[in-house]
Structures are given as structure tokens and as C-alpha cells.
Amino acid sequence: MRLIPVVLAAGLTASPAAAAPTTFEIDPTHTAVAFLVEHIGFAMTLGQFTRIEGSFVYDAEAQSLSDVAVTVDPASVFTNDERRDQHVRNADFLNVEEHPAITFAATEYEVTGENTGKVTGDLTILGITNPIVLDVTLNKDDVYPFGHQKRTLGISARGTVLRSEYGMSYALAGNLVGDEVDLIIEFEAIAAE
């Protein structure tokens, strides 16, 4: 599966059940990676990616995050309009045929509050790498109440990128399509052990 990563994170307060570094796998059925971008000043267009996978190591006691490897398939973009989706997939935007993967590699994690933190990393889109900072919130760290009944993290993350910094200049003139893209990430991650 061709994939593009996106974010992760969490920091935060130690859970009584979490005394050691734990590998977590993102649950794709409980994950949303979305974006908002301005359309000619009239409204924000909401889009999302529908195929996501990834993993990371989180140590609640040490409040550390490492080995972030999250991916999203750029060809899975969905904006509720098939013609627009095809346009976003072509060379004007994501160019998924020539650049089938966008990658994110975390370089730093900073705790900012009881359940909040900042993840800094390198985001590569269209072969261009730029730093990004994601504001993250650990919503819940607990055993899932049914099904797999494993330790699960619920995480929200937000960030912003400028698409022009990744070589996407289509329709910037006149602000037909905004340069600033807001990222909205909501996901659950399940302990692999």
C-alpha cells in the first residue's frame, strides 16, 4: 500500500498501568486525518484521507515519544467531490503517481501540560522536506472496554503547513486556493503487546 505519514503524538501524564515504553499501532477504523483549505475566500474546503496506518513507541512514565512511523495513502484523498479529488491527486497538488508517499519523522517531543505536548518533525511532500510542529492532546489512556480489550490511547493533533513550501503553487494567485492548510488529526492507537 502506498502511504503518506502524518502525525502522532501524545505526551503526557503517566498512567498507572504504563511503566515502560510501549509500542502502539494506529487503529485505522478509529482514525481521521483531515485538512481545511480556503476556497476563493468564500469558505474552507474540508478534505480527508481514508487509508491510514502507523505505529510509535510511547513511554508515559518518562513522557517520551519515539519511532514515529505513521502513513496515509495520498491517493485516498476525499473532499466529497470526485472531480476535485482527481484534481488534488494530479500534478497540481499531491502528484500521487510520481510521489506516492508523504513522510513524517518526529525529531523532538515537548510536554506542555498535564495531557498536552508538541511534536516536532520533518514532513516530506513531493520530495520536499520541511519542519512541522503538531500540538497534541492525549484524550484518554485506558483499557478498551470491549473487543480487543488492550491498552488504547486516544489522541488529537493539530498543525498547519504552507503548501507553497512543498512546491504546490497552483491557484495561489488571487487566493483561489489558500496557501495555508490546517491539519486535523484524531486517532486511537492500540498497544501492540
Side-chain angles (χ1 to χ4, degrees), residues 1-35 47-78 94 96 99-112 115-127 129-159 161 166 183-193:
M1 180 155 128
R2 299 179 322 186
L3 305 169
I4 121 182
V6 180
V7 294
L8 251 193
L12 324 147
T13 311
S15 163
T22 302
T23 298
F24 288 87
E25 295 178 353
I26 290 176
D27 177 359
T29 63
H30 293 101
T31 296
V33 175
F35 58 88
Q48 70 179 84
F49 297 98
T50 61
R51 290 191 293 270
I52 299 127
E53 66 180 37
S55 64
F56 59 95
V57 175
Y58 173 60
D59 185 334
E61 186 174 0
Q63 297 189 355
S64 67
L65 179 69
S66 62
D67 299 331
V68 176
V70 183
T71 60
V72 177
D73 183 348
S76 73
V77 68
F78 173 78
L94 294 176
V96 300
H99 299 278
I102 295 173
T103 61
F104 173 78
T107 56
E108 185 179 335
Y109 176 70
E110 174 190 357
V111 175
T112 59
N115 291 316
T116 60
K118 289 184 181 291
V119 173
T120 301
D122 294 325
L123 179 65
T124 302
I125 303 173
L126 300 175
T129 302
N130 288 301
I132 183 174
V133 178
L134 299 168
D135 293 312
V136 300
T137 300
L138 176 63
N139 301 313
K140 190 169 185 176
D141 178 351
D142 207 346
V143 175
Y144 205 70
F146 47 84
H148 57 73
Q149 296 185 339
K150 294 180 181 178
R151 181 178 171 210
T152 301
L153 304 179
I155 297 168
S156 299
R158 301 291 185 269
V161 298
Y166 296 92
L183 302 177
I184 305 163
I185 300 131
E186 298 286 331
F187 68 95
E188 295 176 14
I190 303 166
E193 302 167 357

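Since this is a predicted model, take the numbers as computed values, not measurements. The analysis underlying the following values was restricted to heavy atoms, covering all of them including side chains, and did not include hydrogens, waters or symmetry mates.
L153 CG to D27 CG: the interatomic distance, rounded to the nearest 0.5 Å, is 12.0 Å. Rounded to the nearest 0.5 angstrom, T124 OG1 and H99 NE2 are separated by 11.0 Å. To the nearest 0.5 Å, the span separating CD1 on I52 from CD1 on I185 amounts to 9.5 Å. Taken to the nearest 0.5 Å, the CD1 atom of I26 stands 11.0 Å off from the CD atom of E188. Note: F24 CZ to D67 CG = 13.0 Å, rounded to the nearest 0.5 Å. In this structure, OG1 in T152 is found 9.5 Å from NZ in K140, a value given to the nearest 0.5 Å.
Under the 4.5 Å side-chain criterion, counting only non-hydrogen atoms from C-beta, I132 is not in contact with D122. Looking at heavy atoms from C-beta onward, V161 lies in side-chain contact with Y166 at the 4.5 angstrom threshold. A heavy-atom distance below 4.5 Å is not found between the side chains of V119 and F56. Between N139 and E186, some side-chain heavy-atom pair lies under the 4.5 Å cut-off. Side-chain atoms of F104 and I125, non-hydrogen and from C-beta on, never get closer than 4.5 Å to each other. Residues T116 and V136 are not in side-chain contact: their nearest non-hydrogen atoms beyond the backbone lie 4.5 Å or more apart.
Here F146 and Y144 bring their ring centres to under 6.0 angstrom of each other.
Taking each heavy atom of T112 and G117 in turn, the nearest pair found is OG1-N, 3.3 Å. Residues A189 and F187 share a closest heavy-atom pair of CB-CE1, 4.2 Å. A191 and K150 make their closest contact through O-CD, 3.5 Å (heavy atoms, listed as atom of the first residue, atom of the second, distance). The two residues L134 and G159 come nearest to each other via the heavy atoms CD2-CA, 3.9 Å.
A salt bridge is absent between R158 and D135: the closest approach of a Lys/Arg side-chain nitrogen to an acidic carboxylate oxygen does not fall below 4.0 angstrom. Salt bridge D141/R151: present, at least one basic N to carboxylate O contact under 4.0 Å.
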- request: List the steps and the verdict of side chain to side chain contact (heavy atoms under 4.5 Å, CB included) for F35 and V77.
  value: CA-CA 10 Å; F35 58 88; V77 68; 3.9 Å; yes
Test log, rule side chain to side chain contact (heavy atoms under 4.5 Å, CB included), inputs L123 and N130: CA-CA 5 Å; L123 179 65; N130 288 301; 5.8 Å; no
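In summary, of the residues considered (T31, V33, D73, T71), a side-chain contact (heavy atoms from CB on, under 4.5 Å) with F49 occurs for V33 alone.
For the pair S55 (side chain) and E25 (backbone), a donor-acceptor distance under 3.5 Å is absent.
Remark: the T137 side chain and the N115 side chain contain no N/O donor-acceptor pair separated by less than 3.5 Å.
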